[in-house]
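Working notes, beginning with the structure itself.
In the text below, chain A, chain B and the rest are named by the order of the sequence lines, each starting its count at 1.
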Amino acid sequence: MSARPVLRVLTGATASGKTARALDWAEWHGAEIVSCDSLLFYRGMDIGTAKPTRAELARVPHHLVDIVEPCERYDVQRYVAEARAAVDEIAARGRPVLVVGGSGFYLRSFFAPMSDGIEVDPTLRAQLEARLKDDGIESLVAELHALNPAGLGALDLQNPRRVVRALERCRASGRALAELAAEFAAKPSAFTDFDVRLARLECEPAELERRIAARVQAMLAAGLVDEVRRLDAAGLRENPSAARAIGYREVLDVLDGKLRADELEAAIVRNTRALVKKQRTWFRSQLPPHRVLAASDTAAELFGE
RNA sequence: GGCCCGGUAGCUCAGUUGGUAGAGCAGAGGACUGAAAAUCCUCGUGUCCCCGGUUCGAUUCCGGGCUGGGCCA
């Protein structure tokens, strides 16, 4: 039917072997890689994020890696715009695009609308954050009820972040949540003009466990603690999402004396495991049906073509 | 050898003025519109170290034992 250009997306849990497979595939097909990893954006966050090495980055052109300072905030809205620009640029060169990453929320950018386009004044957000802190979430929920007599739908009223977001949208747009939600749901994804093909690497649990253990050990040996010290001095903590990244938050805890140094490695492994579990849930329930292939099956073509 | 403090959920611990117990972490499941490796929700029966005693009733009190730590020899 259509001659829409193809956009290939490779995902999988952390440590499942995406990087190696993606590099091989991209090299073989003359493709360029667009990262879909919420932490590879940050310069200097190398060891703890298992960022591809300099040599690996040199094998295939990469996009959306090392694009902001760790102290700078980044968000999906910006990701959608920059990913779209990168994809267009690569397509203009006539080369295939391979999106690679395990950040589920960002990954959804390729399948669904991600932002409603409502501009929220930073002062308003700061105001609501302050109110959340002083008066509690109930105060915000009460106002939401007042602004939405028809109900709050499926909004999680116990999740401060969601409540602030919902209220700031009502206030900024002067409209009701239900109305905004309906409008949002009707929006197209930023990549509807592409034939998006998704494949996911699945690593056997015991093997993944081994890989995680080995990876964490290697990260510490490679100087993760020093990396975090450097980043801390450069303002890492100003960016909560970067400072809360696995491998980074635990080292910060050690530096703060909140975690014993001899417990560091085990803590990182534990939290990585929790991440894998969360990714699994997301992949199951939030991604469209897709091709799944065993990470051990290195002979298989990623996209079954 | 003596004295002191512990022994409760996989781990760290709280608690029961005697009526068989609960938090955090871990684990399992889930939600997901702008921080997403984030944020939030649901799920807790375990010889309360063992043996005796007192008691209607002991994980709780008493005695003994075992065991970990500290102090003194």
For the [atom1] atom of [X] and the [atom2] atom of [Y], what is their distance to the nearest 0.5 Å?
X: A:Glu32; Y: A:Arg95; atom1: CD; atom2: CZ; value: 4.5 Å
X: A:Leu264; Y: A:Met219; atom1: CG; atom2: CE; value: 11.5 Å
X: A:Leu140; Y: A:Leu167; atom1: CG; atom2: CG; value: 6.0 Å
X: A:Glu202; Y: A:Ser296; atom1: CD; atom2: OG; value: 10.0 Å
X: A:Leu236; Y: A:Glu227; atom1: CG; atom2: CD; value: 9.5 Å
X: A:Arg270; Y: A:Glu250; atom1: CZ; atom2: CD; value: 8.5 Å

Quick one: [X] [atom1] to [N] [atom2], roughly how many Å, whole number?
X: A:Leu236; N: B:A37; atom1: CG; atom2: P; result: 16 Å
X: A:Arg249; N: B:U39; atom1: CZ; atom2: C1'; result: 12 Å
X: A:Arg273; N: B:A28; atom1: CZ; atom2: P; result: 9 Å
X: A:Leu264; N: B:C25; atom1: CG; atom2: C1'; result: 16 Å
X: A:Tyr248; N: B:A38; atom1: OH; atom2: P; result: 14 Å
X: A:Asn271; N: B:U39; atom1: CG; atom2: P; result: 11 Å
X: A:Leu157; N: B:U42; atom1: CG; atom2: P; result: 13 Å
X: A:Gln279; N: B:G29; atom1: CD; atom2: P; result: 14 Å

Do the non-hydrogen side-chain atoms of A:Glu69 and A:Tyr42 ever get within less than 4.5 Å of each other?
no
Student check: side-chain heavy atoms of A:Ser109 and A:Tyr79 closer than 4.5 Å
yes
Take atom [atom1] in [N] and the same atom in [M], then report the distance between them in whole Å.
N: B:G18; M: B:U60; atom1: C1'; value: 6 Å
N: B:G19; M: B:C3; atom1: P; value: 31 Å
N: B:A26; M: B:G44; atom1: C1'; value: 13 Å
N: B:U39; M: B:U45; atom1: C1'; value: 32 Å
N: B:A58; M: B:U42; atom1: P; value: 36 Å
N: B:C13; M: B:G6; atom1: P; value: 13 Å
N: B:C72; M: B:C62; atom1: C1'; value: 27 Å
N: B:U8; M: B:U47; atom1: C1'; value: 12 Å

For A:Pro70, is there any backbone N or O sitting under 3.5 Å from a side-chain donor or acceptor partner on A:Asn239?
yes
Does the side chain of A:Arg200 pick up a donor-acceptor pair with the side chain of A:Ser16 at under 3.5 Å?
no
Select base, sugar-phosphate, or nothing to describe what A:Gly247 touches, counting heavy atoms under 4.0 Å on all strands.
nothing
Protein-nucleic acid N or O pairs under 3.5 Å, nucleotides 10-14 of chain B:
none

With both distances kept under 3.5 Å, what pairs with [N], Watson-Crick or G-U wobble?
N: B:A58; result: none
N: B:U12; result: B:A23
N: B:C71; result: B:G2
N: B:G18; result: none
N: B:G34; result: none

One character per nucleotide, please: for nucleotides 30-36 of chain B, 5' to 3', B when the base has a protein heavy atom closer than 4.0 Å, S when only the sugar-phosphate does, - otherwise.
SBBBBBB
Counting the benzene-type ring for Trp, do A:Phe41 and A:Tyr106 have ring centres under 6.0 Å apart?
yes
